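To start, the structure itself, in structure tokens.
Everything numeric in this text was worked out from a predicted model, so none of it was measured. One-based numbering, in listed order, for ligands and for the atoms of each.
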Amino acid sequence: MKILLIDDEVFALKLLIHQLAGLGLREVTPVSGGAEALALIARGGRFDVILSDLQMPGMDGVEFVRALTQSGYDGELVLVSGEDKRILKTAEQLARAHGLRVLGRLRKPVAPERLAEVLAHRADAVASRPRTEGRCYGPDELRQAIAAGELVCHCQPKVSLASGALTGVEILVRWQHPADGLVFPDRFISVAEEHGLIDDLTRAVLRDALRQARLWFDAGHEMHVAVNVSMDNLENLDFPDYVAAAAQEMDVSLSSMVLEVTESRLMKDMRAPLDILARLRLKRVDLSIDDFGTGHSSLAQLRDLPFNELKIDRSFVRGACRDAQLAAICDASLDIARKLGMRSVAEGVEDVDDWNFLRAHGCDIAQGYFIARPMPMAALADWLPEWKRHCIELGLVK
Ligand code: C2E
Ligand code: MG
Ligand code: MG
């Protein structure tokens, strides 16, 4: 791993060089400021990770981040600073908004364990790279893919925090692309929404999910099956009737279905969504407000729409046990869910600390890599006994 260190304090540089050496990392280039770093990159210097200070004379860390995005740098970034935690966080957000891959932030004086932890994220970051990069897909390609049945459903378990029991699965669509391999939904859902293909996509997913639900129920797994719907699906007034007919055809009870609603853009006319969501609830379909707290997934929606499940966005969940701000947001969301009589689900539960935090704070259901990564639907039956063993071994449930 080639590392570039930027700090105006000689002592800070020396300390980091020493700590990196302790981790076996010796390909380290120290420089005293952003301008020098950019000059190195411009001359063809290649680095895997840049560790940059924020408070520097001349070019400060924020200016450096801005300039770095234009330099063609394609490695990872770690921000290091003695500044207030919230400034550091904002700088991180800014870097991400510029499209930089931020591994994490470090507070000075840097603790060696934190340094190791942040750099360890690099393996994950590299593994997940193709997801946000790569080409965009056009509407014609996507239309053909839907027609040719190239969309495949994966599923991710949702489990009770109190008992560890499987309470349901969320269905997540992927595109098995003949040339590009498995393509993730962040690269084609918005294309579908913008080009009037989202109804066809949702219907294909829904049918696949219901077909599989029947098999799961027959095998004795009693649970909810959740499908994502976009607000753009809530334009056609016949949507509830479509859902009801498809469920009846597969002999699946509507009360075992959950629809997770996300709104990627602001809805102006709420008449159709109100009509559709009210009718779905009358038919006993559960409605979940997905990514709660972000974008338009807001308090106004909770006030107006008949949701009975609240999914706290993963950006608030991950690491909440170590961050007072996130913990406050999680607590407030859980409180709202409780007071409104809604089921609470935390997404993005990535480790045992996240799990213990949510359990202690009264969240009902957890979903995330700690429990299981999304998997092909047929893999669920093999995962379940493994998870049960895991629960007992780790003493996750009492
Ligand atoms: P979502 O509904 O919020 O789904 C959760 C996303 O978080 C999934 O990404 C899942 O793989 C990811 N995830 C789960 N656990 C963890 C974790 O512990 N850590 C992290 N970092 N991520 C985790 P995915 O499958 O890429 O889906 C992204 C989004 O695409 C979904 O977000 C959903 O909004 C949308 N989507 C997926 N399938 C469909 C679909 O059939 N229809 C529509 N309209 N949207 C869909
Ligand atoms: Mg969802
Ligand atoms: Mg979500």
Does ligand 1 come near enough to Tyr369 that some N or O of the ligand is less than 3.5 Å from an N or O of the residue?
yes

Shortest reach to atom 5 (C) of ligand 1 by a heavy atom, considering only Lys311, Arg314, Arg318, Arg373
Arg314

May I ask whether Thr202 has any heavy atom positioned less than 4.0 angstrom from an atom of ligand 1?
no

Would Gln367 count as being in polar contact with ligand 1, using the rule that some N or O on each side must be under 3.5 angstrom apart?
no

Taking 2.8 Å as the cut-off, does an N/O/S atom of Asp291 lie below it from the Mg ion (ligand 2)?
no

Option set Gly368, Pro185, Pro374, Ser230, criterion heavy-atom distance to atom 44 (N) of ligand 1, minimum:
Ser230

Measure from the side-chain N and O atoms of Asp7 to the backbone N and O of Val31, and report whether any donor-acceptor pair falls under 3.5 Å.
no

The N/O/S atom of Asp290 lying closest to the Mg ion (ligand 2) is OD2

Would one find an N or O of Arg174, backbone or side chain, under 3.5 Å from an N or O of ligand 1?
yes

Looking only at N, O or S atoms in Glu260, which is nearest to the Mg ion (ligand 2)?
OE1

Contact with ligand 1 for Asp186, non-hydrogen, under 4.0 angstrom
no

Taking both backbone and side chain into account, is any N, O or S atom of Asn228 nearer than 2.8 Å to the Mg ion (ligand 2)?
yes

Location of contacts on His154 toward ligand 1, heavy atoms closer than 4.0 Å
neither

Under 4.0 Å from one or more heavy atoms of Glu347, ligand 1 contributes atoms 3 (O)

